[in-house]
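Remarks on the structure that follows.
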Amino acid sequence: EKVSKDKQILKAMIQSSGKLVLVDKLLPRLKAGGHRVLIFSQMIRVLDIIEDYLIQMRYTYERIDGRIRGDLRQEAIERYS
């Protein structure tokens, strides 16, 4: 039952944003093609929502923003590269 509820929450999250609908369609295709994706946003809250989505979808990701300390940011950049 928890899995079903989690899927319902994820579906509602995706449907609440046209941009997230697009991301949800594009990421599986890009991943299947072996691509890496870099998403830019100046809004921290948008990154928070995308991060929640990525966690629910079990995608690996690196978050690099102003809240990440310099040394940790550099490590994340190196992992991404």
Side-chain angles (χ1 to χ4, degrees):
E1 187 173 311
K2 183 180 183 331
V3 171
S4 177
K5 180 136 177 120
D6 288 346
K7 285 184 179 183
Q8 289 174 345
I9 292 170
L10 178 62
K11 184 176 179 181
M13 178 192 309
I14 293 166
Q15 291 177 342
S16 69
S17 166
K19 290 178 182 166
L20 203 50
V21 168
L22 182 60
V23 166
D24 188 56
K25 288 180 181 178
L26 287 175
L27 283 183
R29 293 178 191 165
L30 292 169
K31 184 177 180 181
H35 297 277
R36 293 181 299 164
V37 177
L38 187 59
I39 299 173
F40 287 97
S41 178
Q42 292 183 331
M43 296 175 281
I44 296 279
R45 185 65 188 128
V46 170
L47 294 174
D48 292 341
I49 293 167
I50 292 171
E51 184 174 34
D52 289 344
Y53 167 80
L54 295 172
I55 290 168
Q56 290 294 319
M57 295 298 291
R58 294 190 169 92
Y59 284 116
T60 57
Y61 68 95
E62 294 293 340
R63 180 162 176 168
I64 303 167
D65 63 30
R67 297 188 301 183
I68 309 298
R69 288 194 341 247
D71 57 334
L72 296 177
R73 185 179 309 139
Q74 186 59 43
E75 290 174 12
I77 290 169
E78 288 171 9
R79 282 191 299 272
Y80 178 80
S81 296

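These numbers come from a predicted model, not from an experiment. By convention here, the first residue in the shown sequence is residue 1.
Hydrophobic cluster membership of Ile68, counting Ile, Leu, Val, Met, Phe, Trp and Tyr whose side-chain heavy atoms lie under 4.5 Å apart directly or via other members: Leu72. The other members of the hydrophobic cluster of Phe40, by chain and number, are Leu38, Tyr80 (side-chain heavy atoms under 4.5 Å, ILVMFWY only). When hydrophobic residues (I, L, V, M, F, W, Y) are linked wherever their side-chain heavy atoms come within less than 4.5 Å, Ile9 remains an isolated member. Members clustered with Ile77: Ile64, by chain and number, using a 4.5 Å side-chain heavy-atom cutoff among hydrophobic residues.
For the salt bridge (charged side-chain N to carboxylate O under 4.0 Å, His left out) test, no residue two or more places apart in sequence or in another chain qualifies with Asp52. Annotation: side-chain hydrogen bond (donor to acceptor under 3.5 Å, both in side chains) contacts of Arg58 (sequence neighbours excluded): none. Residues passing the salt bridge (charged side-chain N to carboxylate O under 4.0 Å, His left out) test with Arg36, sequence neighbours excluded: none. Residues satisfying the salt bridge (charged side-chain N to carboxylate O under 4.0 Å, His left out) criterion with Arg69, sequence neighbours excluded, are Asp71. For Glu62, the side-chain hydrogen bond (donor to acceptor under 3.5 Å, both in side chains) test picks out Arg79, with sequence neighbours left out. Under the salt bridge (charged side-chain N to carboxylate O under 4.0 Å, His left out) criterion, Arg73 pairs with no residue, sequence neighbours left out. Considering only residues two or more places apart in sequence or on other chains, Gln74 meets the side-chain hydrogen bond (donor to acceptor under 3.5 Å, both in side chains) condition with Glu78.
One hydrophobic cluster, built from ILVMFWY side chains closer than 4.5 Å, holds both Val21 and Leu30. Hydrophobic cluster membership differs between Leu47 and Leu22, with clusters built from Ile, Leu, Val, Met, Phe, Trp and Tyr side chains linked at under 4.5 angstrom. Val46 is not connected to Ile44 by any chain of hydrophobic side-chain contacts under 4.5 Å among Ile, Leu, Val, Met, Phe, Trp and Tyr, and they are in different clusters.
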query = What do the steps show when you test Val37 against Tyr61 for side-chain contact (heavy atoms from CB on, under 4.5 Å), and what is the final call?
reply = CA-CA 9 Å; Val37 177; Tyr61 68 95; over 6 Å; no
Pair Val23-Ile50, side-chain contact (heavy atoms from CB on, under 4.5 Å): steps then yes or no = CA-CA 9 Å; Val23 166; Ile50 292 171; 5.7 Å; no
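Among residues at least two apart or in separate chains, side chain to side chain donor-acceptor pair (under 3.5 Å) pairs with a member in residues 11-28 are Asp24-Tyr53.
Atom CE in Met13 sits 10.0 Å away from atom CG in Asp6 (nearest 0.5 Å). Here Arg67 contributes atom CZ and Asp48 contributes atom CG; the two are 5.0 Å apart, rounded to the nearest 0.5 Å.
In this structure, Leu20 and Ile49 approach most closely via the heavy-atom pair CD2-CG2, 4.2 Å.
Annotation: side chain of Lys31 is not in contact with side chain of Thr60 (no heavy-atom distance under 4.5 Å).
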